[in-house]
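Everything on this sheet refers to the single structure shown next.
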Amino acid sequence: MLLASAPEQRQASGEQFVQLLPLDASGAPAAPARIEAKLELAAVVAQWEKEASPRWVWHRTQDWYPQLLAAGVSVDRCHDLLLCRNILVSSQATSASAYARGNEPIPVETAEASLPERADQGSLFDQPLRQSQPTAEELVADLQGQLEAVSGSLHPGRLALLLAAESAGALSAAEMQHTGLPWREDLHQAILSDALGPRPSGFQRPDKLEALAAELRNQLNAPSLNPDSPQELMRALHRAGIEVRTTRSWELQQLQHPAIAPLLAYKKLSRLHTANGWTWLDQWVHGGRFRPEYVVGGVVSGRWASRGGGALQIPKNIRGAAHAEKGWKLVVADASQLEPRVLVALARDTGMAAAARDKDLYAGIAAQGFGGDRAKAKVALLGAIYGATTGESGRLMPQLAKTYPRAVAFVEEAARAGERGDIVSTRLGRSCPPPSRRWLAGQRTTTAEEQRRADAEARSRGRFTRNFVVQGSAADWAACWLAELRRRLRFLGAAVEAGAGSGERGGPETDGKSVPELVFFLHDEVMVHTPESQVALVRQLIEESARAATALLFGEIPVEFPVSITVVDSYADAK
DNA sequence: TCTGATCGCGCG
DNA sequence: AAAGCGCGCGATCAGA
C-alpha cells in the first residue's frame, strides 16, 4: 500500500509537495517518507504503478484521480478513506469497534466542481487547495483504525470486499467522467428540431410547443394560461368542467376531453425542452462526449448518485444521441431482474430459486404460483420488495407468501426491524442510517392523533428498511460486477497496448488508443464502448464478471444472475 | 428579490 | 397504469 497525503506548501519556495508513504499490510509506514515535488507527481505515480502496482490510499479519490487521469496516468487499486469511513462507522458489523465509536460519518462532499476542460493539464494543484486536508499522520491513523475495525468485525471478508468494491467504484467513476459517454451532438440536434421545431432565440418557447400551448388555451377557453403553472392549469381545467385532483399525466390520461391530447403532448415536449434541450446540450456535451459527475457513496443503499446533467435519468427519447464512434460499438449489458434475484439469494428460498433458473424470473414464478400470469407475478414480487399495501400488489401478497414463505419472511423481517427503529444491513455489510431523533421522539407519544402519525412513520421506515436490504445488496452485487469488469478490461487494454508496442500488428486500429472503454454505469447496467474487433471478447468479460460477482457475494448458490447484452451503434437500440 | 419547499416527471 | 423503494432537476410557489 502507498499513502498519498495532502499537498503541503513549502514556506521557502512556495512550491507544493506531496508525501508518498509506503505502508505495510497493517497500514504501518514501511520506509522513510518520500517527498516529491508537484510537477513530478503524475510521473512518480506512473512509475510506482508500473513497478509495484500498489494500493493507493488517499482521503478522497476525487481529490487525486481526475488530475492523474488528465495527465494520462491511471491506477489499478485504491483505498478511498472517506468512502470506507462512511461504510465502517455506520456498519452494524463494526459497531463495537473503537473506530466506529470514535468517528462520525462525513457526507460525501458534493461541492467539488464538475470539471470543465482543464486549461492547464500539466500541473496538479493550480486550484486553491481545499481547506482542512488531513495530515499524513491523521491519514495513517485513520487507515489503521479502519483495518482494525474490519479484521475485528463479524464478517471481515465481506467488509473487506465491500471496501475494495467501493474504492474501485470511485476509480471507475472518475475514469468514466474523464472518458465520457460518446454523444453525437448532431443527432441530438436532429431529435430536438424534429420534436420542437428550430431552436428559438432567447427564452421563447419553441414553435411546436407554442402551438400546443395556443391550442390548449383555445380548448380551455383560457387565453392567458401558462401551462407550466400547475395552479393555473388546475383552475383552467376545473373551469372547463374537467374534475381532476392533480395535473399529473397519468391522471389526465384517464379523461376524455379535447383539451387533454394537446395538454399531454405539451407536457411531453416541454419536458424534452427544459430537461434535455439545447441548453442541456450546450452545458453538458463537449467534444462529442457527455461527462456527468457520478457521486459514489451518494445514496445510503450504496447506489451511486449523480450531479449535473441528470446522468442517471437519460430519457429514452434522446438515447439515440448516445452513439458509438465509427468502427466502434456500444456493448450495453444489464443484470436482468437483479433485485428479485438478489432477494432469492439472500433469503435462500429454494422454491423461488427454482423459478429463478428461468431466464425470465417472473415467468418462472408465474408458472409456480400465479397460474401462468406473468404480470401478476411481477406486480406481487415487486410489491413485496417495495412494501406495497394497497391495490392489486397488496392483495397478491398472501398468495406470494404461501408459495414463497422464506423470501417473503425475509423482507417482512427487514420491515419489522425498521419499524422498531433497528438497523438493517446489506449482504456485504453496508448498514442503513439509524432513525432520526425526531423519529424516535415521535414514537413515544400519547394522544391518539399523534399515535396514528407515529405508526404511519414507523411503517414508512419499515418500507425503507425492507427495500434497503434488497436494493443495497443489489448495489453490492453491481459494484462487484463493475469492479470485476474494470479489472478485466484493464488487463485486456494492457495486452492490446503491449501487442501494439512490441510491433505485433493486431489490425489498423491497434494504435494504443483503441481499447474498450467503460463509459456508463447505472445501478444494474453497464456500457462499454469498444472497437468492433473486440466485441466478442467484451461480451465474454461482462458475463465472466457477473459470475464472479455472484460467487463473491453468495459463494456457491443455485441462483442465476443472467446478464442481457446488446451490441448496438445507438443506445436507443439497446434492449 | 432571494431561498427553500413542492410539484411533476425522468431513470433504475 | 400506479402502487410500494431509491434518486436529480427545472419551474413554480410560498414565505421571508
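In what follows, chains are A, B, ... by sequence order, proteins preceding strands, each numbered from 1.
Within the 4.0 angstrom heavy-atom criterion, no nucleotide atom of any strand lies near D334(A). Backbone-only contact: S306(A) has heavy atoms under 4.0 Å from sugar-phosphate atoms and none from a base. Using a 4.0 Å heavy-atom cutoff across all strands shown, V379(A) reaches at least one base atom of the nucleic acid. Within 4.0 Å of S301(A), counting heavy atoms only, lies no atom of the nucleic acid at all. The residue G394(A) sits apart from the nucleic acid: no heavy atom pair falls under 4.0 Å. If you check every strand for non-hydrogen atoms under 4.0 Å, A305(A) touches sugar and phosphate atoms only.
Across residues 451-466 of chain A, R463(A), F464(A) each have a non-hydrogen atom less than 4.0 Å from an atom of DNA chain C (numbered order). Contact check of residues 253-265 of chain A against DNA chain C (heavy atom, cut-off under 4.0 Å) returns no residues at all.
As a whole-Å value, the separation of R307(A) CZ from dG10(C) P is 12 Å. Separating the CD atom of Q283(A) from the P atom of dG8(C) is a distance of 16 Å, rounded to the nearest angstrom. In this structure, the CG atom of L382(A) is 14 Å from the P atom of dG4(C), given to the nearest Å. Atom-to-atom, NZ of K378(A) to C1' of dA3(C) comes out at 13 Å; the value is rounded to the nearest Å. Taking atom CH2 of W280(A) as the reference point, atom C1' of dA11(C) lies 19 Å away to the nearest angstrom. If you measure from atom CZ of R395(A) to atom C1' of dA2(C), you get 12 Å, rounded to the nearest angstrom. As a whole-Å value, the separation of F468(A) CZ from dC7(C) C1' is 15 Å. Residue L269(A) contributes atom CG, which lies 16 Å from atom C1' of dG10(C) at whole-angstrom precision.
Scored by the ring-ring contact (aromatic ring centres under 6.0 Å, His included) test, H323(A) finds no partners at all (sequence neighbours excluded). By the ring-ring contact (aromatic ring centres under 6.0 Å, His included) test, H188(A) pairs with W183(A), W280(A), sequence neighbours left out. When the ring-ring contact (aromatic ring centres under 6.0 Å, His included) test is applied to F468(A), the partners found at least two apart in sequence or on another chain are F464(A). Contacts of F521(A) classified as ring-ring contact (aromatic ring centres under 6.0 Å, His included), with partners at least two apart in sequence or in another chain: W304(A).
Residue pairs meeting the salt bridge (charged side-chain N to carboxylate O under 4.0 Å, His left out) criterion with at least one member in residues 173-194 of chain A, sequence neighbours excluded: E175(A)-R486(A), R184(A)-D186(A). The side-chain hydrogen bond (donor to acceptor under 3.5 Å, both in side chains) pairs that include a residue from residues 388-406 of chain A are Q368(A)-Y404(A), where partners are two or more places apart or lie in different chains. Within the structure, salt bridge (charged side-chain N to carboxylate O under 4.0 Å, His left out) pairs that include any residue of residues 472-485 of chain A comprise E484(A)-R487(A), E484(A)-R488(A) (at least two apart or interchain).
For the pair S473(A) (side chain) and V469(A) (backbone), a donor-acceptor distance under 3.5 Å is present.
Atoms OG1 and CH2, on T426(A) and W477(A) in that order, are 15.0 Å from each other to the nearest 0.5 Å.
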- Task: Given side chain to side chain donor-acceptor pair (under 3.5 Å), test Q337(A) with D360(A) step by step and report yes or no.
- Result: CA-CA 8 Å; Q337(A) 305 155 339; D360(A) 183 354; 3.0 Å; yes
- Item | salt bridge (charged side-chain N to carboxylate O under 4.0 Å, His left out) between E339(A) and R303(A), intermediate numbers included | CA-CA 13 Å; E339(A) 291 193 358; R303(A) 296 209 315 194; 3.6 Å; yes
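Side-chain contact check for L482(A) versus L518(A): some heavy-atom pair is nearer than 4.5 Å.
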- Message: One character per nucleotide, please: for nucleotides 1-12 of chain B, 5' to 3', B when the base has a protein heavy atom closer than 4.0 Å, S when only the sugar-phosphate does, - otherwise.
- Response: -------BBBSB
Donor-acceptor pairs under 3.5 Å, side chain of residues 230-238 of chain A to any protein atom, not counting sequence neighbours: which ones?
residue: E232(A); atom: OE1; partner: N226(A); partner atom: N; Å: 2.9
residue: H238(A); atom: NE2; partner: V244(A); partner atom: O; Å: 3.0

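For dG4(B), the O4'-C1' to base torsion is more than 90° from 0; the nucleotide is therefore anti.
Classification of the F520(A)-Y294(A) ring pair by plane angle, with boundaries at 30° and 60°, yields tilted.
Nearer the 5' end of DNA chain C, as judged by each residue's closest nucleotide, is the contact made by I385(A), out of E232(A) and I385(A).
For the side chain to side chain donor-acceptor pair (under 3.5 Å) with D455(A), the lone residue among R453(A), Q451(A), R452(A) that qualifies is Q451(A).
Dashed line: the shortest gap from a side-chain N or O of S229(A) to OP1 or OP2 of dA11(C) is not under 4.0 Å.
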- Note on the structure: Base-pair string, DNA chain C, Watson-Crick plus G-U, cut-off 3.5 Å on both distances, | for inter-strand, is ....||||||||||||
